[in-house]
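To start, the structure itself, in structure tokens.
All figures in this text were calculated on a predicted structure; none of them were measured in a lab.
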Amino acid sequence: MKKIVLALAAMGVLAAPAAVSAKGPKLTPEQKLEKLLEGRVAGKPVSCISLSNARDSRIFDKTAIVYESGSTIYVNRPQNASSLDDDDVMVTETHGSQLCRLDVVKMHERTGMWYNGFVSLNDFVPYRKVAKGS
């Protein structure tokens with residue numbers, strides 16, 4: 001029985017480096033954003049997006065906030081982007097049905113909801129899938 005346990009432990013130790021190397025190098029937030037936007041083309045920036053159509057939002061550390069609206073992905077590279085942390089919660093105070101340039105997004109720690117800073121939104125760049133055959 002001890003031999004089986006030792007053999008399994010040894011296999012686990014030997015397999016660990018292979019699992020790490022198979023995973024590949026860790027991507028930077030900019031590289032993660034580029035990967036998300038693969039196969040898409042940037043459109044003309046807009047100053048506001050509809051909150052009712054924005055279904056999902058995601059933070060890319062110290063880089064951008066992405067809002068998904070149907071098949072369109074809007075990328076906002078805010079001022080003070082150094083305050084962006086994908087482990088934080090975004091709290092946005094809006095006045096109306098749109099999220100607009102110059103709106104402020106407050107960042108709060110996920111566990112204790114402590115204030116961690118803010119970002120001021122810039123224009124939203126829409127990215128749409130490239131039509132096949134183009």
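Side-chain atoms of Thr72 never come within 3.5 Å of backbone atoms of Tyr127 as a donor-acceptor pair (strictly under, hydrogens ignored). A donor-acceptor contact shorter than 3.5 Å links the side chain of Asp61 to the backbone of Asp86.
With sequence neighbours excluded, the residues that form a side chain to side chain contact (heavy atoms under 4.5 Å, CB included) with Thr63 are Pro29, Glu30, Leu33, Phe60, Arg77. Under the side chain to side chain contact (heavy atoms under 4.5 Å, CB included) criterion, Arg110 pairs with Asp87, Val89, not counting sequence neighbours. With sequence neighbours excluded, the residues that form a side chain to side chain contact (heavy atoms under 4.5 Å, CB included) with Gln31 are Leu27, Thr28. In this view, Ser52 and Ser50 satisfy the side chain to side chain donor-acceptor pair (under 3.5 Å) rule, not counting sequence neighbours. A search for side chain to side chain donor-acceptor pair (under 3.5 Å) contacts involving Glu34 returns nothing, not counting sequence neighbours. For Tyr67, the ring pair (Phe, Tyr, Trp, His ring centres under 6.0 Å) criterion is met by Phe124, not counting sequence neighbours. Under the salt bridge (Lys or Arg N to Asp or Glu O under 4.0 Å) criterion, Arg58 pairs with Glu68, sequence neighbours left out.
For residues 90-106, the set of pairs meeting the side chain to side chain donor-acceptor pair (under 3.5 Å) definition, not counting sequence neighbours, comprises Arg101-Asp123. The disulfide bond (SG atoms under 2.5 Å apart) pairs that include a residue from residues 50-113 are Cys48-Cys100, where partners are two or more places apart or lie in different chains. Among residues at least two apart or in separate chains, there is no disulfide bond (SG atoms under 2.5 Å apart) pair with a member in residues 52-87. Within the structure, the salt bridge (charged side-chain N to carboxylate O under 4.0 Å, His left out) test picks out no pair touching residues 39-52 (sequence neighbours left out).
Lys62 and Ser82 get closest at one heavy-atom pair: NZ-O, 3.4 Å. Here the shortest heavy-atom pairing between Leu84 and Ala64 reads CD1-N, 3.5 Å.
Residue Val104 is found in a hydrophobic cluster whose other members, listed by chain and number, are Tyr115, Phe118; membership requires side-chain heavy atoms under 4.5 Å apart, directly or through intermediates.
Counting only heavy atoms from C-beta outward, the side chains of Ser71 and Arg128 never approach each other to under 4.5 Å. Looking at heavy atoms from C-beta onward, Val66 lies out of side-chain contact with Asp56 at the 4.5 angstrom threshold. For the pair Ile73 and Leu36, the minimum side-chain heavy-atom distance is below 4.5 Å. In this structure, Pro78 and Val105 have side chains that are not in contact, with every pair of non-hydrogen atoms separated by 4.5 Å or more.
Rounding to the nearest 0.5 Å places CG of Asp88 at 9.0 Å from CE of Met113. Taking CG from Asn80 and CG from Asn122, the interatomic distance works out to 9.5 Å, rounded to the nearest 0.5 Å.
Ile49 is not connected to Val75 by any chain of hydrophobic side-chain contacts under 4.5 Å among Ile, Leu, Val, Met, Phe, Trp and Tyr, and they are in different clusters. Note on Leu51 and Leu121: same hydrophobic cluster, where clusters join Ile, Leu, Val, Met, Phe, Trp and Tyr whose side-chain heavy atoms are under 4.5 Å apart, directly or indirectly.
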Going through the distances and angles, do Val119 and Ile65 end up as a side chain to side chain contact (heavy atoms under 4.5 Å, CB included)?
-> CA-CA 10 Å; Val119 296; Ile65 303 172; 4.2 Å; yes
